[in-house]
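Everything quoted here is computed from the prediction, not taken from an experiment.
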Amino acid sequence: MLQHLITHGEDLRMVPTDHDQLTTAVQNLREELQALPKGTDAARTRVLARWTGIGLLSLGDYHDAREYLHRALDLATASGNTQAVIATELNLADAYRYTGETQTADALYRKALDDARSKHPELVDFALQHLGKHLMEQGNLLPARAHLQEALRLRTAKGDAGLIESTQAALDRVELLISHASADTAAPTGGDTEAAQWSRRWTSWLQSRTTARTPAGWEEGFPALRNAVRDLTAHERVHPRHLRDQSFPVELLAGMAEEAEKALAADGYLHNGKWNAAVGEAANRFAGQADLAAVVARSTGLEVEQPHTGVYIAYLEEGQFLDFHVDEFGFGEANLILCLKHERLAAAPTVSCTVFINADGYLECDLAPGDCVVFDGALTPHGRTPLGAGESVILVSFGFRARDQAPRTVAHLPPVPL
């Protein structure tokens with residue numbers, strides 16, 4: 001109806017191709033809508049209201065746009081036209097996003113995507129595209145990329161060149177933002193350098209006094225660590241929690257496990273005594289669909305953004321372990337480690353565990369596939385005990401930034417003990 005008068009600007013938001021022509025066309029729709037006689041087909045009223053709202057949104061008249069889109073949504077809901085409900089929810093979510101009301105927008109986008117997956121698969125690519133752009137604007141780049149990649153696959157299958165071009169443009173933008181974020185991390189500021197040095201000094205101090213290699217000595221040696229660890233972990237934003245029965249989709253976990261094994265075999269690299277590999281499409285898809293930020297918030301009370309980084313981790317050889325350390329601040333205020341695979345001998349006397357040190361002592365978490373543990377890696381000393389004979393472990397680790405909280409600074413944290 002107005003498609004020829006609307007395009008997308010450099011920020012990927014809707015703008016007029018010709019402002020005057022779109023203004024005139026929208027005014028004509030408003031007049032037609034107002035002049036409709038009683039008894040007019042509700043579907044016609046809904047279509048006019050929806051396109052009036054879309055046109056006003058493109059013109060920057062967000063308040064009136066929302067009024068018309070709410071009217072169109074009410075009519076679609078009353079008629080039972082679920083396809084129209086989904087389409088209008090996406091437009092209304094855009095209207096809220098454009099005015100910065102991100103929580104309302106997010107709820108509408110996710111409802112539309114859920115409804116599309118369950119009722120109208122032909123609309124899933126549209127819902128993924130809208131939600132992906134919303135996540136990108138919020139800085140949630142990994143899940144944004146996952147949504148847009150899925151949208152691109154669906155649109156490529158449809159063969160619609162215009163839709164493919166639109167999604168590719170959004171995907172190009174998010175990839176650019178990810179590369180910029182990586183460059184920023186690779187070139188730290190003076191404050192970041194100070195934080196990195198603080199983390200390394202704490203790690204050195206921990207490893208000079210205890211080790212994950214020999215659990216037999218933990219109880220005896222812990223009193224010498226207690227006060228320092230208590231001072232450190234008092235600043236945690238997340239206390240370690242072993243989460244079971246999260247009901248993550250089995251097919252997504254299997255996809256990540258397969259991707260992890262291939263990535264580790266092809267591009268794995270040793271880091272601090274363990275194997276690491278970059279996450280790929282399967283992990284991004286999982287991050288986008290499992291709503292990991294909600295998992296963290298429900299289990300810890302800390303509101304976080306969707307994960308901004310991730311890595312596959314593997315322990316594959318007998319005796320392999322990860323010594324106690326604290327992460328650098330860049331990984332975020334919350335970490336989630338999810339077990340993808342843990343093979344062991346049935347009669348093994350010991351099993352390798354993720355382990356933490358807190359003010360009460362050592363906490364071991366034996367993660368089964370599908371289990372995860374949430375913690376604050378920058379302030380909670382953590383590691384992994386040695387693998388036994390015939391044992392192997394594959395994990396994926398995601399990092400989260402706290403929402404609406406000031407970044408950490410070394411000035412407010414305890415210095416390394418002398």
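With respect to the salt-bridge test (charged N to carboxylate O, under 4.0 angstrom), the residues E281 and R285 qualify. Salt bridge status for R344 with D366: present, with a side-chain N to carboxylate O gap under 4.0 Å. Remark: R66 engages E101 in a salt bridge, criterion side-chain N to carboxylate O under 4.0 Å. Under the 4.0 Å criterion applied to side-chain N and carboxylate O atoms, K133 and E137 are not assigned as salt-bridge partners. Look at D94 and R97 and you find a salt bridge, because one of the NZ, NE, NH1 or NH2 atoms lies within 4.0 Å of a carboxylate O, short of that distance. Comment: D125 engages K158 in a salt bridge, judged by a side-chain N to carboxylate O separation of less than 4.0 angstrom.
Relative orientation of the Y98 and Y62 rings is perpendicular, given thresholds of 30° and 60° on the angle between their planes. Note: W218 and F324 have tilted aromatic rings, judged against thresholds of 30 and 60 degrees for the angle between ring planes.
With contacts defined as side-chain heavy-atom distances shorter than 4.5 Å, the pair L367/C372 does not qualify. Counting heavy atoms from C-beta on, the side chains of R384 and S352 come closer than 4.5 Å. Side-chain contact between L336 and V295 is present, with at least one heavy-atom pair separated by less than 4.5 Å. Side-chain contact between N272 and L322: present, with at least one pair of heavy atoms (C-beta onward) separated by less than 4.5 Å. Counting only heavy atoms from C-beta outward, the side chains of S199 and F329 approach each other to under 4.5 Å. Side-chain contact between K274 and L316 is absent, with no heavy-atom pair separated by less than 4.5 Å. Within the 4.5 Å cutoff, side-chain heavy atoms of M14 are placed close to those of L57.
Between H382 and H325, the ring centre distance stays below 6.0 Å. A ring-centre distance under 6.0 Å is not found for F321 and Y315. When ring centroids are compared, Y312 and W275 stay outside the 6.0 Å threshold. Residues Y109 and Y96 place their aromatic rings such that the two centres sit no closer than 6.0 Å.
Each of V396, V374, V373 was evaluated against I337; a single residue qualifies, V373, per the side chain to side chain contact (heavy atoms under 4.5 Å, CB included) test. Screening E317, H342, E343 against E391 for a side chain to side chain contact (heavy atoms under 4.5 Å, CB included) leaves a single residue, H342.
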